[in-house]
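Have a look at the structure below before the remarks.
Bear in mind that the values here come from a model prediction, so they are computed numbers and not experimental data. Values reported hereafter were calculated over all heavy atoms of this structure, with side chains retained and with hydrogens, waters and symmetry mates removed.
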Amino acid sequence: MPVKDILLLGDPILRTRCTAVKDVRPGEVQQIVADLRDTLEDFKKRNGFGRGIAAPQIGHALQIIYLNFDLFSGPLFNPRIVSRSKAMFQLWDDCFSFPDILVAVKRHLRIEVAYQDELGTKRILRAEGALSELLQHEIDHINGILAIDRAIDSKHIVLRSEWEKMRSRVPVMV
């Protein structure tokens with residue numbers, strides 16, 4: 001199980017606009033997919049959360065994301081948002097690259113994502129709600145954008161431990 005270290009906030013690779021994958025079939029690309037899958041599963045086992053990961057988070061500046069979500073599981077190569085709803089929703093977002101921080105962000109309720117699957121076939125994925133939010137988060141990663149860049153304002157960046165205390169005292173958005 002090739003588990004990789006997850007790069008943390010401050011590493012310059014996380015701020016890199018990633019390169020498109022020209023051919024999804026070579027062994028090195030498939031190894032990155034396996035590393036993403038295994039690293040995601042390991043993180044989820046150790047931390048109790050995790051639904052997606054992007055290649056720059058394990059040191060590869062390539063347009064690859066890997067999801068393990070109820071409605072979709074597997075790699076997406078060269079994903080890009082081609083349609084967004086005007087309707088937005090607000091939530092507390094977290095990230096493997098800064099696991100002790102939560103950030104309140106606004107995301108589009110519905111999106112459509114064009115991507116290539118593991119065979120190189122072009123596809124469209126229509127997503128709503130939690131899957132839409134997850135895709136937006138991971139696609140931001142391959143564009144060098146982090147959730148903290150999308151914070152509603154500076155008061156909406158909190159330590160996870162403080163968020164847990166706040167959550168027990170007052171209703172907060174989920």
Side-chain angles (χ1 to χ4, degrees), residues 1-4 6-7 14 18 21 24 29-58 60 62-143 145-148 150-152 156 158 160 163-164 167 171-174:
M1 181 157 127
V3 174
K4 300 295 181 183
I6 295 172
L7 302 184
L14 295 174
C18 295
V21 177
V24 304
V29 172
Q30 292 306 313
Q31 184 60 55
I32 292 168
V33 170
D35 291 347
L36 287 167
R37 180 194 63 230
D38 294 344
T39 303
L40 172 61
E41 289 310 309
D42 178 71
F43 185 94
K44 189 173 185 175
K45 258 189 240 172
R46 288 184 297 104
N47 296 282
F49 70 95
R51 307 168 298 160
I53 190 168
Q57 290 181 279
I58 61 169
H60 299 282
L62 293 170
Q63 293 179 14
I64 308 170
I65 64 175
Y66 191 92
L67 304 183
N68 187 352
F69 189 71
D70 297 340
L71 304 170
F72 186 94
S73 187
L76 290 87
F77 297 93
N78 308 318
R80 60 186 176 85
I81 299 170
V82 295
S83 175
R84 296 168 173 83
S85 68
K86 288 183 181 177
M88 306 281 285
F89 68 109
Q90 190 171 312
L91 71 145
W92 287 99
D93 198 359
D94 56 15
C95 182
F96 294 178
S97 293
F98 38 93
D100 298 326
I101 297 173
L102 290 166
V103 182
V105 299
K106 288 185 179 179
R107 298 283 190 188
H108 296 275
L109 181 61
R110 287 178 298 286
I111 62 170
E112 289 185 5
V113 174
Y115 71 99
Q116 290 175 274
D117 66 16
E118 60 274 13
L119 300 174
T121 305
K122 291 182 180 181
R123 304 231 180 245
I124 295 284
L125 177 58
R126 290 172 182 83
E128 187 169 333
L131 180 56
S132 171
E133 178 275 320
L134 177 60
L135 284 162
Q136 290 171 78
H137 178 102
E138 300 305 338
I139 291 170
D140 273 353
H141 268 299
I142 64 171
N143 289 310
I145 300 167
L146 302 176
I148 56 170
R150 301 237 186 246
I152 293 169
H156 287 87
V158 299
R160 185 178 295 276
W163 182 82
E164 292 291 342
R167 191 173 108 177
V172 294
M173 59 203 143
V174 178

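- At least one donor-acceptor pair under 3.5 Å links the side chain of T39 to the backbone N or O of K4.
- Panel note: side chain H108, backbone S85; a donor-acceptor pair is recorded below 3.5 Å.
- Of the possible donor and acceptor atoms, none in the side chain of D93 sits under 3.5 Å from a partner among the backbone N and O of V103.
- Contact record, P56 with L7: O-CD1, 3.2 Å, taken as the closest heavy-atom pair.
- Between the OG atom in S97 and the CD1 atom in I53 there is a gap of 7.5 Å [rounded to 0.5 Å].
- With hydrogens and angles ignored, the 3.5 Å screen pairs no side-chain donor or acceptor of Q116 with any backbone N or O of L76.
- A donor-acceptor contact shorter than 3.5 Å links the side chain of Q63 to the backbone of C18.
- Note that the NZ atom of K106 and the CG atom of L91 stand 11.5 Å from one another [nearest 0.5 Å].
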Determine whether E138 and R51 satisfy the following criterion, salt bridge (Lys or Arg N to Asp or Glu O under 4.0 Å), listing intermediate values before the conclusion. CA-CA 10 Å; E138 300 305 338; R51 307 168 298 160; over 6 Å; no
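- Nearest heavy-atom pair across P79 and V113 is CB-CG1, 3.8 Å.
- For the pair R160 and F49, the cation-pi criterion (under 6.0 Å, within 45° of the ring axis) is fulfilled.
- Put simply, the side chain of E133 never gets that close to the backbone of G129: no donor and acceptor are under 3.5 Å apart.
- The two residues Q90 and I152 have their closest heavy-atom pair at CD-CD1, 3.1 Å.
- Taken from NE2 in H137 to CG in L67, the straight-line distance is 11.0 Å, to the nearest 0.5 Å.
- Side chain of T121 to main chain of D117: no donor-acceptor pair is present (N/O by atom type, distance under 3.5 Å, no hydrogens or angles).
- To the nearest 0.5 Å, atoms CG (L135) and OH (Y115) are separated by 9.5 Å.
- Pairing each heavy atom of V24 with each of L119, the nearest pair is CG2-C, 3.9 Å.
- Expressed to the nearest 0.5 Å, how far CD1 of I58 lies from OH of Y66 amounts to 12.0 Å.
- Atom CG of D42 sits about 8.5 Å away from atom CG of N47, to the nearest 0.5 Å.
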